[in-house]
Amino acid sequence: MKKGRIICVGNRLLSADAVGMLVFDELRSRSLNKDIDLVEGGLGGLDLLPWFEGCSRIALVDRVVGFCPPDTVLRLELADMLTFCRQGYSHSGGLLYLLNSLPNLGLDPMPVVCLIGIEGAGSPQTVRKAAELALDFVLNT
Amino acid sequence: MAQTISMPLNRVEGDLEVKVTVHKGIVTEAQVIGTMFRGVETMLTGRGALDGLVITPRVCGICSISHLLAAAMALENMAGSSVSVNSRLVRNLALSTEKLQSDLRHLFLMFTADLAKKKYQDQALYPEAAQRYQPYRGSAVVATILATRKLPQIIAILGGQWPHSAFIVPGGVTSRPTQADLRQCGMLLGEFRRWYEQSILGCSIEEVMAIGTCDQFNDWLEKKEAHYNSELGFFLRCGRAFGLDSLGAGPDAYLTAPDRIRYQKPETAGGGFLQDGVLTPFDQQAIIEQVKHARYHERICTGHPLVAETHPVEQPADSKYSWCKAPRYAGSPAETGPLAEALIEGDSLCTDLVASQGASALTRELARLLRPARILLNMEKWLERIDTSKTFYRPTALPDDGTGVGLIQAPRGMLGHWVQLSGGYIDHYQIITPTTWNASPRDDRDVPGPIEQALLGTPVENPEDPVEVGHVVRSFDPCMVCSVHAVSKNGLSLGRLRIGT
């Protein structure tokens, strides 16, 4: 079983929503610890579920809006995410539907999940910082 | 006093608003409004011939295989080429996998969530409905999420990637599955079938397929506890008790595309149009797009999809209320989707359900819940028929100039792509999705679209929570995020209301 997994989500074709993919590229360029999986989640919603199985810590990386000043990075725990984001099933809500359902799916182990959120389209500095925060979380350092 | 309700309908895919006028508790007028300009066709103009294979699957995050297949078939139609048996089987398997996942997720993640609402709390079946259908945690919801999570692996094995796969090309498929790949697909399919039979049906697929009439359906329901308490059994009981069988009749005109995927009746393989009980063979020349009430220039955007263009009006009149065009078949609006498939193929149970009780939100959803039974049986046969020693691709040369059409049955109904090449580049592209058929606005003769017709006469108990309107709209599984807006007879808004979670 993998110890940790980093799932980067976003849309490469839409610059305003591509920052998760930029973090993916940054992480892929590094030599990662063999206990870490790196996943290009794209626009996957519910179909990312298999990637939530078989590991103990998961960092989602995505753009956020309205949480903190532009060009900054924050970390939200799963419970915080669900407080902000209760939404039905739709194209935009597929991942949120999955996160809301996650505690009820009987996953063993149930992974500890956080979101590394980036405000703004992502400068090189924020992309690197997001990558570091994601690595710190999944390695529990 | 009449009231108008404008509802944002979440839990459907895309952007849709439904505006209904309610008089004495009954919907007397309805407008289904596509709120966003799609413009994919415009993006394709001037691009290379093969670009539609990459761009059009992005029209939908759920039905990407459907668009990829329709785009490839349009080019094959232009080239006059055919594909090998193997590639047809692989394509069928991929498309059917998308349908399996979509059918179950739609019903238990989107549609039944409304049956767990407080409106029904006085119903005897409400506690069980809430236990099964509550968003995120209901037993049917959780089971569906878990059972459908591995299905895309079938597409990934056959095509190398899902979503936004790119393995279907003019001439066949680019992958070459091995025997081991096919065995793995068979295992995934077998696992899904076991869940579908045990949890959804409470019996074997063959036993359900043998049900031919409403009376036999009722007998089946009462015959065993496993049937009665299955998801199908409970949905049937709950749907009847909550009145879904009296909502959303629709236009009594149904349309299916020519389909390589045959379930039972080869004679309808060419597709069909069923109106007032009369079935006629499908002819794509009978399709016309109309825009009197859509936000496009009427002079150049009306006509057959190979002619009609996609040019939005900058400042449309109020009568132009939707970004969806109004497609018509032989001049008539037409419903498409699993119920249309079942009726045109002559499925005896669905035919008897509609004949005896009329089309309704319940029959529409039952057709969707039963479609996987037919699909699974076919998928098993297709897997067995693939011969890995034979070709999966035939080189196909595209002409620099020409026209082509690709028509398929996507998860939500008939999907069509029309393309015209000029000098090797796309000169014209038109897509008519299933939701464009079902959610079309009024046409040039002011005839309402299928969902608009289905909403007329719908009782609305509480205009502030018009659950009944949501049932009708969602039964068509529109591929748009949707809203409903209530206003009074004199046009005053009662506010914009969101239904669902």
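In what follows, chains are A, B, ... by sequence order, proteins preceding strands, each numbered from 1. Reckoned from all heavy atoms, side chains included, excluding hydrogens, waters and symmetry mates.
Other residues, nucleotides and ligands place no more than 12 heavy atoms under 6.0 Å from the CE atom of B:Met187. Applying the 6.0 Å contact sphere to NZ of B:Lys119 captures more than 12 heavy atoms from other residues, nucleotides or ligands.
Taken from CZ in B:Arg105 to OH in A:Tyr97, the straight-line distance is 10.0 Å, to the nearest 0.5 Å.
Your options are A:Leu49, A:Leu105, A:Asp47, and the one with the most heavy-atom pairs under 4.5 Å with chain B is A:Asp47.
Under the rule for a side-chain contact (heavy atoms from CB on, under 4.5 Å), the partners of B:Ser199 that lie at least two apart in sequence or sit in another chain are B:Trp195.
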Practice item. Would you sort out whether A:Asn104 and B:Ile145 count as a side chain to side chain contact (heavy atoms under 4.5 Å, CB included), showing the intermediate values? Key: CA-CA 10 Å; A:Asn104 308 309; B:Ile145 292 173; over 6 Å; no

